[in-house]
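Read through the structure below, which is laid out as structure tokens, and then see the notes.
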2 protein chains.
Amino acid sequence: MAVNRKKLILDAAAKSFSQFGYKATTMEQVAKIANVGKGTIYTFFTNKEELFGEIVQNLIFEMKQEAEESIDVNLSFYENVHRALYRLLKYRLEHQFTIKLLQEEKEIGTPAVLEMVSKVEAEIVSYIKEKVEIAIEKGEIRKCDPELTAFMMLKIYIALIFDWEKRHKPLNKKEIAELFQLYLFKGLSKF
Amino acid sequence: MAVNRKKLILDAAAKSFSQFGYKATTMEQVAKIANVGKGTIYTFFTNKEELFGEIVQNLIFEMKQEAEESIDVNLSFYENVHRALYRLLKYRLEHQFTIKLLQEEKEIGTPAVLEMVSKVEAEIVSYIKEKVEIAIEKGEIRKCDPELTAFMMLKIYIALIFDWEKRHKPLNKKEIAELFQLYLFKGLSKF
DNA sequence: GAGTGACCAATTTGTTCATCTGGTCATTTT
DNA sequence: AAAATGACCAGATGAACAAATTGGTCACTC
């Protein structure tokens with residue numbers, strides 16, 4: 001085995017998905033980019049969807065690493081959540097692949113893409129959930145449903161970063177951090 | 001004038017929009033339901049979009065009334081916000097018209113519908129914003145950007161009521177009230 | 001003059017058919 | 001023999017054209 005054909009195919013597919021999206025990427029195109037016969041792809045992947053799935057799986061792994069790197073044990077729970085979420089969402093924003101994915105989800109609604117996007121979201125929630133559980137155990141935050149709390153954290157973050165931007169001037173990183181702390185940790189109540 | 005033709009048309013249009021959505025409602029259909037010549041509609045409304053707009057305007061008015069009715073000066077700010085929001089979202093859920101609207105927005109993305117949905121949302125935020133401003137003045141809550149806070153309140157509420165339901169068992173009224181209080185007022189922080 | 005529906009331009013919808021694409025497998029290459 | 005391949009096929013897709021529908025107008029009626 002002179003070259004790793006599977007990796008060749010994965011790279012080619014990632015490249016094409018990033019550039020043209022899931023639907024507009026043909027298996028022939030992937031084969032051509034990978035310098036591989038079309039049939040060869042099917043010796044490694046059952047079908048187009050599985051090939052796609054494997055790339056997403058990879059993405060999830062990288063995102064987790066990003067998040068993990070951003071965590072600093074000396075900082076508070078809320079500070080770490082903020083840092084991790086910020087990095088995660090920035091990661092999404094910076095990677096052509098995720099941008100194309102989100103775009104295709106909204107504009108075309110390709111089922112396979114829809115499924116993967118929710119999968120990624122579920123993974124993020126699951127990841128935060130773990131951190132929430134630890135924080136509760138450590139007594140860093142109040143008792144609460146970890147999954148629901150993780151879910152709300154993500155939602156609040158997305159609202160602050162993406163939704164607010166749609167009709168208002170974007171918030172900067174510091175503002176987002178402060179607002180996240182205000183709304184989720186300190187609360188609006190004065191006491 | 002034996003009958004109020006304008007009202008007749010508005011009722012007919014509301015009925016048809018509720019049943020079939022904006023796009024699938026034809027002016028001929030409205031005319032037929034209203035027992036009116038098609039041309040007559042155009043003596044009251046410039047075009048289909050304006051007719052639609054007037055019905056939405058009406059909806060907003062009714063929603064405001066609903067909210068206003070639910071407010072009790074003896075209760076705390078957060079309690080009132082919760083009562084108003086709950087009533088508002090329940091109203092949305094209960095009215096075929098709003099359901100069809102939301103459905104059409106997601107499934108077809110009819111531009112006129114998209115515009116109206118954001119208009120309704122903007123109105124809700126603006127309404128909450130006023131209440132937030134008063135609460136800040138009265139010292140009932142911390143100082144914060146009233147519009148952003150109103151925006152976040154709505155987002156958090158929608159997340160609790162609609163988004164969470166998509167993949168989990170729905171929260172009941174009491175749970176929503178408590179969670180809303182936890183996340184937005186008390187905060188996750190223990191101190 | 002308020003009300004109307006036949007009429008028209010423009011858009012939408014339905015249909016057809018040539019092209020394309022995911023996936024297979026007999027054949028070739030290593 | 002195992003791995004790789006691309007010609008091949010059934011079904012999906014979409015471009016192009018035709019037919020039907022619809023928003024909006026206006027000459028005419030009551």
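Computed from heavy atoms alone, side chains included, the values below leave out hydrogens, waters and symmetry copies.
Classification of the B/Tyr157-B/Phe180 ring pair by plane angle, with boundaries at 30° and 60°, yields perpendicular.
A donor-acceptor contact shorter than 3.5 Å links the side chain of B/Glu175 to the backbone of B/Asn172.
If you take CD1 of A/Ile41 and C1' of C/dC25, they are 16 Å apart, rounded to a whole angstrom. Atoms CZ (A/Phe45) and P (C/dG23) sit 13 Å apart, rounded to a whole Å. The CG-C1' distance, from B/Asn4 to C/dA2, rounds to 14 Å in whole Å. Here C/dG23 presents its C1' atom at 17 Å from CD of A/Gln29, a figure rounded to the nearest Å. In this structure, B/Lys48 places its NZ atom 14 Å from P of C/dT11, rounding to the nearest Å. In this structure, B/Met27 atom CE and C/dA6 atom P are separated by 18 Å, rounded to whole Å. Counting to the nearest Å, the P atom of C/dT21 and the NZ atom of A/Lys32 are 11 Å from each other. Look at CG on A/Asn47: it is 13 Å from C1' on C/dT24, rounded to the nearest Å.
Heavy-atom distances to DNA chain C give each of B/Val36 and B/Glu28 a nearest nucleotide, and the one nearer the 5′ end belongs to B/Val36. With the nearest nucleotide of DNA chain D identified for both A/Phe44 and A/Lys23, A/Phe44 has the one nearer the 5' end. Residues B/Tyr42 and B/Gly39 each lie close to DNA chain D; by heavy-atom proximity, the contact nearer the 5' end of the strand is made by B/Tyr42.
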- Begin with the C-alpha distance, continue with both residues' side-chain angles, and end with the deciding distance and a verdict on salt bridge (charged side-chain N to carboxylate O under 4.0 Å, His left out) for A/Glu66 and A/Lys90. CA-CA 10 Å; A/Glu66 279 279 322; A/Lys90 205 165 175 211; over 6 Å; no
- Item | salt bridge (charged side-chain N to carboxylate O under 4.0 Å, His left out) evaluation trace for A/Lys15 with A/Asp11 | CA-CA 6 Å; A/Lys15 192 172 177 182; A/Asp11 287 348; over 6 Å; no
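Residue contacts for A/Thr46: at a heavy-atom cut-off of 4.0 Å it reaches no nucleic acid atom on any strand shown.
Taking only side-chain nitrogens and oxygens, B/Thr40 comes nearer than 4.0 Å to OP1 or OP2 of C/dT4. Dashed line: the shortest gap from a side-chain N or O of A/Arg5 to OP1 or OP2 of D/dA4 is under 4.0 Å.
Checking C/dT4, D/dC8, D/dT5 against every side-chain atom of A/Lys38, the shortest atom distance belongs to D/dC8.
Side-chain contact between B/Gln65 and B/Phe61: present, with at least one pair of heavy atoms (C-beta onward) separated by less than 4.5 Å.
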